[in-house]
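Take a look at the structure set out below.
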Amino acid sequence: MRKKIVAGNWKMNMTFEEGQTLTSEILNMMKDEHSGEAIAVLNPPFPHIFPVKKLIGQAKGVFIGAQNCSDKEAGAFTGEVSAKILASFGAQYVIIGHSERREYFKESNEMLAAKVKLALANGLTPIFCCGESLEIRTAGTHEPNVKFQLTEGLFDLSPEDFSKIVIAYEPIWAIGTGKTASSEEAQDMHAALRRHIASKYGKDIAENTSILYGGSCNPKNAQELFAKPDVDGGLIGGASLKSRDFVDIIKSF
Ligand code: PEP
């Protein structure tokens, strides 16, 4: 069954104290107000993973993830964090291929494919990001461009492994800009990606893949986006740093 997921990407924000406060507020609001089926995945900076996981404890429907992992298994790679280390500290999910990683850290499709495989080998659920630039959207080639990112990053996986993947479609022009894709634009791309998955892995796997939308999603636009049949949740940046906004987005289903 396709899961409904709202994942928060804290990016490089939140001190220890701030992260603990934000998590506690989210947990309290979720307990008091949320009875829906959507789950929350918090993706803080690495040092928060263990303490945030401890705070989450046995809370229902709240999970912990990382924003990145290394494409190497282990060894002399100063500053890197492996999928194995993340899993040992309790991470359950990992964002792979965020456009900021692709752009600022020059992460190639090949690197991302390696990261996905290591994440899966260590029991982490990859949230695989894809999305087009404004230039590509304006040229009208966004659909083949984003499909290609999926092909290169994921289509080497076995059907069993692919069925563990979560996809996040994030048009780069909508990330952190306040400019959201319209619900029709999001639906069109999500449906195209689902067809692309079906062409490789078959209809069942495609139907069961969660495809999240990311890009200036907020409590005001979440309901309309999540109402679309192929939008299974959101990857939330800015609004995930405010407990009220984040929980209201989760409640938008
Ligand atoms: C993101 O960084 O994944 C994101 C969607 O950011 P924002 O919600 O701030 O646009």
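Fair warning: this is a prediction, and the values are worked out from it, not measured in the lab. Ligands are counted one by one from 1 in listed order, and the atoms in each one are counted from 1 as well.
- Of all atoms in ligand 1, numbered sequentially from 1 with element shown, those under 4.0 Å from a heavy atom of Gly215 are 5 (C), 10 (O).
- Taking a cut-off of under 4.0 Å to the non-hydrogen atoms of Leu235, the atoms of ligand 1 that pass are 3 (O), 5 (C).
- For atom 1 (C) of ligand 1, the closest heavy atom belonging to the protein is His98 NE2, 3.2 Å.
- From the protein, the heavy atom lying nearest to atom 5 (C) of ligand 1 is Glu170 OE2, 3.0 Å.
- Near Ala174, with a cut-off below 4.0 Å to any heavy atom, the atoms of ligand 1 are 10 (O).
- Remark: the backbone N or O of Lys11 is paired with a side-chain donor or acceptor of Gln67 at under 3.5 angstrom.
- In this structure, the side chain of Asp232 does not engage the main chain of Leu212 through any donor-acceptor pair within 3.5 Å.
- Formation of a donor-acceptor pair under 3.5 Å by the Thr125 side chain with backbone atoms of Tyr93 is not found in this model.
- For ligand 1, the polar-atom distance check against Ser216 finds a nitrogen or oxygen pair separated by under 3.5 Å.
- Ranking protein heavy atoms by distance to atom 8 (O) of ligand 1, first place goes to Gly237 N, 2.9 Å.
- Looking at Asn9 against ligand 1, only its side chain comes within 4.0 Å, counting heavy atoms.
- Taking the six-membered ring where the residue is Trp, Phe253 and Phe226 present parallel rings, their angle staying beneath 30° rather than reaching 60°.
- Taking the six-membered ring for Trp and thresholds of 30 and 60 degrees, Tyr201 and Phe162 have nearly parallel ring planes, at less than 30 degrees apart.
- With respect to the salt-bridge test (charged N to carboxylate O, under 4.0 angstrom), the residues Glu207 and Arg2 qualify.
- Within the listing of ligand 1, atoms 7 (P), 9 (O), 10 (O) sit less than 4.0 angstrom from a heavy atom of Gly176.
- Interface of Gly238 with ligand 1, defined as ligand atoms under 4.0 Å from a residue heavy atom, comprises 7 (P), 8 (O), 9 (O).
- With 3.5 Å as the limit, one finds no donor-acceptor pair spanning the side chains of Trp173 and Glu135.
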